[in-house]
Number of protein chains: 2
Amino acid sequence: MSHTLGIRQAQKQKTRQAFLDAALTLLEEQSLSSLGLREVTRAVGVAPTAFYRHFRSTADLGVALVDEALGSLHPMVRTTVATPGAERITRAVRLIADHVAAHPAHVRFIARERHGGVQPVRKAIRDQLARFAEEVKTELAKDPEAEGWNDDDLLMLAHLYVDQMLITASLFLETLENENPESPEPSETERERVARIATRQMRLISLGRQHWLD
Amino acid sequence: MSHTLGIRQAQKQKTRQAFLDAALTLLEEQSLSSLGLREVTRAVGVAPTAFYRHFRSTADLGVALVDEALGSLHPMVRTTVATPGAERITRAVRLIADHVAAHPAHVRFIARERHGGVQPVRKAIRDQLARFAEEVKTELAKDPEAEGWNDDDLLMLAHLYVDQMLITASLFLETLENENPESPEPSETERERVARIATRQMRLISLGRQHWLD
DNA sequence: TCATCCAGTTAACAACTGTTCTCTGGAATT
DNA sequence: AATTCCAGAGAACAGTTGTTAACTGGATGA
């Protein structure tokens, strides 16, 4: 049952979302540890003190951004990895390319703050990535190729895939940053180059997987 | 021929090194984009304006730190990758573990600023990592297993290894951050766990390499 | 020995930061 | 209709920031 929010709660959530959006934009050219509270409220068009009605600190806001960026991505990754056969890798690479194109600021934020200067945010990202790895692991376990594998090795392989996905995502991101308004073609071929390399790297990992038990 | 520096130049280099050291310490719990110029000079024990005698900006200092952190590492990586046979992976993992233990702040800085908020620093790191990949590639090319491989595929493989090394380094770093002064044993076994996983991941990649041309 | 150089100092600038306390006006509850 | 609630405003706080200009005093080179 969806309970309709009162005018008050609705307006509050709207403002909260405005905070998240403004922060994400500001974080395109700096890191969270240098993001000022007043800077954000200025961008939203609201008094500095209003910030405290929604977040304890900018670190708190950062944790909320992690959930927004990764929270809704789990089902998509799950169904992509569930694809059987050779098409799995192709679909995974396409999923990454499309996601980066659709939400570049989110991807940049995650790549940046994964090893960033704010501990709670690092932990939030680490936990989310561990969830991804667990999910990939359970999908991989369903493969016929997973026969004879123990849980530890499957999880190791899952982490390898997840890390590889993140690296690929940040490479796609770089092609966007080199975007040239005059002629978008060169960076489009750049993107195809990244896709080709990422595909081959994952294929090589899959090959290693096939011969792991030899 | 090594020309002995004058008292003046020597003192200047000493102060410059003090800047780098102080910055590296401060950067353990924040990112470069939030590092203030006055903050650094305060830590060095010198007037704020002295900063400009050595660096144009904190971004400039960051680029210098990249060189310090990665510049001297090339020969070590090269000789490690040049190790033939199965021992190569063992040595590589040990090299990483030792380097992280000896220079944790440097490793943290690189991991943090690789995708950080300061463009010139990102570029400096990207260039250094590309150099590592090129060097790994030329070493791999000497292997008998490299027969029949083209340059593109070798470079792809080299990048895979370099990225994997960085991931492993940052995992070792995390075990240091969870260090408990009361009982150092648990995080020592944690380190062995990381080493075991990293070794198996690289072994799996090597397996994929062996069957690449099938 | 004397003039030049230059790493580091001192003082001052306007602009910015996070956080506190008090207040307001409309929504929510009774 | 009267009361409570609470998201956001406003003002003020002490402290911080990067950058400028003009200086000092010891090393340097003629």
Side-chain angles (χ1 to χ4, degrees), chain A residues 1-23 25-27 29-65 113 116-121, chain B residues 1-23 25-65 116-121:
Chain A
M1 280 309 305
S2 78
H3 179 260
T4 309
L5 271 56
I7 298 180
R8 209 166 187 170
Q9 298 270 333
Q11 184 53 245
K12 182 171 184 182
Q13 286 217 355
K14 208 171 167 182
T15 308
R16 187 190 137 99
Q17 189 58 47
F19 273 122
L20 294 176
D21 294 348
T25 302
L26 292 167
L27 285 170
E29 35 201 60
Q30 64 181 311
S31 5
L32 185 63
S33 78
S34 67
L35 183 70
L37 162 170
R38 295 183 101 106
E39 200 180 351
V40 185
T41 58
R42 200 185 310 129
V44 174
V46 98
T49 46
F51 184 90
Y52 294 105
R53 299 286 176 199
H54 300 269
F55 309 100
R56 264 181 239 279
S57 61
T58 51
D60 197 16
L61 186 156
V63 172
L65 273 178
E113 300 303 330
V118 185
Q119 201 261 338
V121 172
Chain B
M1 280 309 307
S2 78
H3 180 258
T4 311
L5 270 55
I7 299 180
R8 208 170 188 164
Q9 297 269 334
Q11 184 53 246
K12 180 170 185 182
Q13 286 216 356
K14 208 172 168 182
T15 310
R16 187 190 136 100
Q17 190 59 47
F19 273 121
L20 294 175
D21 293 348
T25 302
L26 291 166
L27 285 171
E28 295 197 20
E29 35 201 59
Q30 62 182 311
S31 359
L32 185 63
S33 78
S34 68
L35 183 71
L37 163 169
R38 295 182 100 106
E39 199 181 352
V40 184
T41 58
R42 202 183 309 129
V44 174
V46 99
T49 46
F51 185 89
Y52 293 106
R53 297 286 176 203
H54 302 271
F55 309 100
R56 265 181 238 279
S57 60
T58 51
D60 197 15
L61 185 156
V63 171
L65 273 177
V118 184
Q119 201 261 337
V121 173

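In what follows, chains carry the letters A, B, and so on, assigned in the order in which the sequence lines appear, proteins first and then strands, with residues in each chain numbered from 1. What you see is a predicted model; the values in this text were computed from it and never measured.
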A:Leu37 CG to A:Phe55 CZ distance, which is reported to the nearest 0.5 Å:
11.0 Å

Does any non-hydrogen side-chain atom of B:Arg8 lie less than 4.5 Å from one of B:Gln13?
no

Return yes if a side-chain donor-acceptor contact under 3.5 Å exists between A:Ser34 and B:Ser34, otherwise no.
no

Just the table, please: protein N/O against nucleotides 26-30 of chain D N/O, every pair under 3.5 Å.
unit_1: D:dG26; atom_1: N2; unit_2: B:Arg8; atom_2: NH1; d: 3.2
unit_1: D:dG26; atom_1: N2; unit_2: B:Arg8; atom_2: NH2; d: 2.7
unit_1: D:dA27; atom_1: N3; unit_2: B:Arg8; atom_2: NH1; d: 3.3
unit_1: D:dT28; atom_1: OP1; unit_2: B:Ile7; atom_2: N; d: 2.8
unit_1: D:dT28; atom_1: OP1; unit_2: B:Arg8; atom_2: N; d: 3.2

Rounded to whole Å, please give me the gap between CD in A:Gln13 and P in D:dG8.
12 Å

Could you check how far CZ of B:Phe51 sits from P of D:dT20, rounded to whole Å?
13 Å

Requiring both pairing distances under 3.5 angstrom, list the stems that contain DNA chain D and are made of three or more consecutive Watson-Crick or G-U pairs.
C:1-12 with D:19-30, C:14-17 with D:14-17, C:19-27 with D:4-12

Note, A:Thr58 side chain near A:Phe51 side chain (heavy atom, < 4.5 Å):
yes

How about B:Leu27 and B:Leu65: do any of their side-chain heavy atoms sit closer than 4.5 Å?
yes

Report which part of the nucleic acid B:Arg56 touches: base, sugar-phosphate, or nothing (heavy-atom distance under 4.0 Å, all strands).
nothing

How about B:Gln17: does its CD atom have over 12 heavy atoms from other parts shown lying under 6.0 Å from it?
yes

Just checking B:Tyr52: base, sugar-phosphate only, or nothing, at a heavy-atom cut-off of under 4.0 Å?
base

Atom pair CD/OG of A:Gln30 and B:Ser31 - distance to nearest 0.5 Å:
9.5 Å

Does B:Lys12 reach the side chain of B:Gln9, with side-chain heavy atoms less than 4.5 Å apart?
no

Along DNA chain C, first and last positions that approach a heavy atom of chain A under 4.0 Å:
C:dT17 to C:dA28

Starting at CD of A:Gln17 and ending at C1' of D:dA7, how long is that distance when rounded to a whole Å?
17 Å

Would you call A:Thr41 and A:Val44 a side-chain contact if the rule is heavy atoms closer than 4.5 Å?
no

Are OP1 or OP2 of D:dT17 and a side-chain N or O of B:Arg42 less than 4.0 angstrom apart?
yes

Comparing B:Arg38 and B:Gln11 on DNA chain C - which has the more 5′ nearest nucleotide
B:Gln11

With heavy atoms under 4.0 Å as the rule, sort A:Thr15 into base, sugar-phosphate or nothing.
sugar-phosphate

Go nucleotide by nucleotide along DNA chain D from the 5' end; which of B:Arg53 and A:Lys12 gets its closest nucleotide reached first?
A:Lys12

Would you give the length of the straight line joining atom CZ of B:Arg56 to atom CG of B:Leu61, rounded to the nearest 0.5 angstrom?
13.5 Å

Atom pair CD (A:Glu39) and CG (A:Leu26), whose distance is rounded to the nearest 0.5 Å
5.0 Å

Would you kindly compare A:Arg16 and B:Gly36 by the position of their nearest DNA chain D nucleotide and give the one closer to the 5′ end?
A:Arg16

